[in-house]
Amino acid sequence: MDLFDYVRENNMRQEAPLASRLRPTTLDEVVGQRHIIGRNKLLYRAIKADQLGSVIFYGPPGTGKTTLAKVIANTTKAGFRQINATVAGKKDMEEVVKEAKDNLGMYGKRTILFVDEIHRFNKSQQDYLLPFVEDGTLILIGATTENPYFEVNNALLSRSRIFELKPLEKEDIKELIHRAVYDSERGMGTYQAVIDDEAVEFLADMANGDARSALNAVELGVLTTERGKDGNIHIDLETAQECIQKRAVGYDKSGDNHYDTISAFIKSMRGSDPDAAVYYLARMLYAGEDIKFIARRIMIHAAEDVGMADPQALTVAVSAAQAVERIGMPEAQIILSQAAIYVATAPKSNSAVTAIGEAMDAVANEKTMPVPVHLQDKHYKGAEKLGHGAGYRYPHDYPNHYVKQQYLPDGMEGREFYHVSDQGYERIIGERMDFIKK
């Protein structure tokens, strides 16, 4: 590197976006992702020991995939090359492979290839890398926002460890915001900026686990806000909401407004008002409520208030909960909207609630009688000789696959816990139960 190269690189580093300047250079500087880079975790040990094999980092934007790759680059003694799958072609890969072979053959030095957005490589591009990953010419680090089990060839997957990066926790984002404002070496500390606590809270909420989003807002705020009379740049709530282009909504996730809004959301679904349900859903999403929390409430509502009137509601709610975890925001809002509308417009029955409630009460307060002999298991050792299972009638041997026999313990014959309503699918259940018991 000559003097001009050095000056150019130094200028680029100083003029780089804040999120880039704050990127950690060592493992100990990394914020969040303790589940994979905690001190005793496999990835932490492998990076520290410079014994990293091929890996794929998978997670939403702003969670630190490129950051981890850069930390590895600063830690390893191996050669490090980076390409972006959106612009790289076969020629770029051929150059990397040639260099890697030369380094390995002449110096015994390994080469790590970091492929950002590896899901953008087509099958033939991924296949090209495979033999060089397999024979150790290259150690692959792939980064992707897409599920690698769908987007990366099975052959590459089988030779790589998959590490899923989670959206950063709110406290992680707050730590990065403070570092961005007050760090004089790599942050905005030389600007003499001060940020209010409520602005930090707001930006950490709105970032929704994406560190880059919060840091970009901080940088914009510091660079565009005039100094106050005290000579400092003050980043207050109003400035923060302008920089992230979102209005601050009155919503404290640990306060009354949180509970009032989720209560209104649930009661709107229970009251079969999809418009109100979607409105309160939007308020929660806008304020940065945890999408997993919202999904859990929809699942509970589907079982508690829709229940047997439409058993499919719970399936929809569970599928939505799984989908939002895999996809994340902003697309998750569509999935939550669909689930909320479905359960709001579904017929309602709380018969499952009353059934288990009455049954639990009976178990807690009444004498527990033995299971009837004909229902007891006869298959374990010696049970049949003791008469267990004797007299049991197999329903499938009878018309309508039903035969009348006692199922509740002695003394509880005729007790009803499940009270069938006439709502939705439950009407069909009631008609079937009436038919088979005639």
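- Annotation: Arg159, atom CZ; neighbour count of heavy atoms from other residues, nucleotides and ligands within 6.0 Å is above 12.
- Judged purely by atom type and a 3.5 angstrom limit, His35 uses its side chain to pair as donor or acceptor with the backbone of Glu164.
- For CD of Gln125, the number of neighbouring non-hydrogen atoms (other residues, nucleotides, ligands) closer than 6.0 Å is greater than 12.
- Glu358 and His419 share a donor-acceptor pair across their side chains, judged by distance under 3.5 Å alone.
- When each of Asn74, Ile72, Thr26 is paired with Ile47, the side-chain contact (heavy atoms from CB on, under 4.5 Å) condition holds for Ile72 and for no other.
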Quick one, Lys77 with Lys109, criterion side-chain contact (heavy atoms from CB on, under 4.5 Å). Give me CA distance, side-chain angles, the key distance, then yes/no. CA-CA 8 Å; Lys77 294 176 182 175; Lys109 187 177 181 180; over 6 Å; no
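- In summary, the side chains of Ser268 and Asp273 do not present any donor paired with an acceptor at a separation below 3.5 Å, with no hydrogens or angles considered.
- Counting heavy-atom neighbours within 6.0 Å of Phe417 CZ, excluding the residue itself, gives a total above 12.
- Using a 4.0 Å cut-off between charged nitrogen and carboxylate oxygen, Lys174 and Glu171 count as a salt-bridge pair.
- Glu426 and Tyr418 share a side-chain donor-acceptor pair at under 3.5 Å.
- At a cut-off of 3.5 Å, with distance as the only test, a side-chain donor of Thr239 or Asp236 sits close to an acceptor on the other residue.
- For the 3.5 Å distance criterion, the side chains of Tyr342 and Asp310 qualify, holding a donor opposite an acceptor.
- Ion pairing between a basic and an acidic side chain is recognised when a charged N comes within 4.0 Å of a carboxylate O; Lys170 and Glu201 show such pairing.
- In this model, no donor atom of one side chain and acceptor atom of the other lie less than 3.5 Å apart for Thr66 and Lys70.
- A salt bridge does not link Glu95 to Lys98: none of the charged side-chain nitrogens sits closer than 4.0 Å to a carboxylate oxygen.
- We find that Lys101 and Glu99 are not joined by a salt bridge, their nearest charged nitrogen and carboxylate oxygen being 4.0 Å or further apart.
- Between Arg39 and Asp28 there is a salt bridge, with a side-chain nitrogen of the basic residue lying less than 4.0 Å from a carboxylate oxygen of the acidic one.
- Judged by distance alone, with hydrogens and angles left aside, the side-chain atoms of Thr63 form a donor-acceptor pair with the main-chain N or O of Pro60 at under 3.5 Å.
- For residues 321-331, there are no salt bridge (Lys or Arg N to Asp or Glu O under 4.0 Å) pairs, not counting sequence neighbours.
- Each of Tyr280, Tyr279, Tyr286 was checked for a side chain to side chain donor-acceptor pair (under 3.5 Å) with Arg283, and the lone residue meeting it is Tyr279.
- In terms of the side chain to side chain contact (heavy atoms under 4.5 Å, CB included) criterion, Ala282 has no residue partners (sequence neighbours excluded).
- The closest donor-acceptor contact from the side chain of Lys65 to the backbone of Gly59 lies under 3.5 Å.
- When only modelled atom types and interatomic distance are considered, Lys348 and Ser272 share a side-chain donor-acceptor pair under 3.5 Å.
- For Phe132, the ring pair (Phe, Tyr, Trp, His ring centres under 6.0 Å) partners at least two apart in sequence or on another chain are Tyr128.
- Looking at Asn350 and Asp305, their side chains never bring a donor and an acceptor atom within 3.5 Å of each other.
- The local environment of OH in Tyr44 is crowded, with over 12 non-hydrogen atoms from other residues, nucleotides or ligands closer than 6.0 Å.
- A distance-only check finds a donor-acceptor pair linking the side chain of Asp92 to the backbone of Gly89 [under 3.5 Å].
- In this structure, Asn103 contributes its side chain and Ala100 its backbone to no donor-acceptor pair below 3.5 Å.
- Salt-bridge check for Glu185 with Arg21: failed, with every basic side-chain N at 4.0 Å or more from each acidic carboxylate O.
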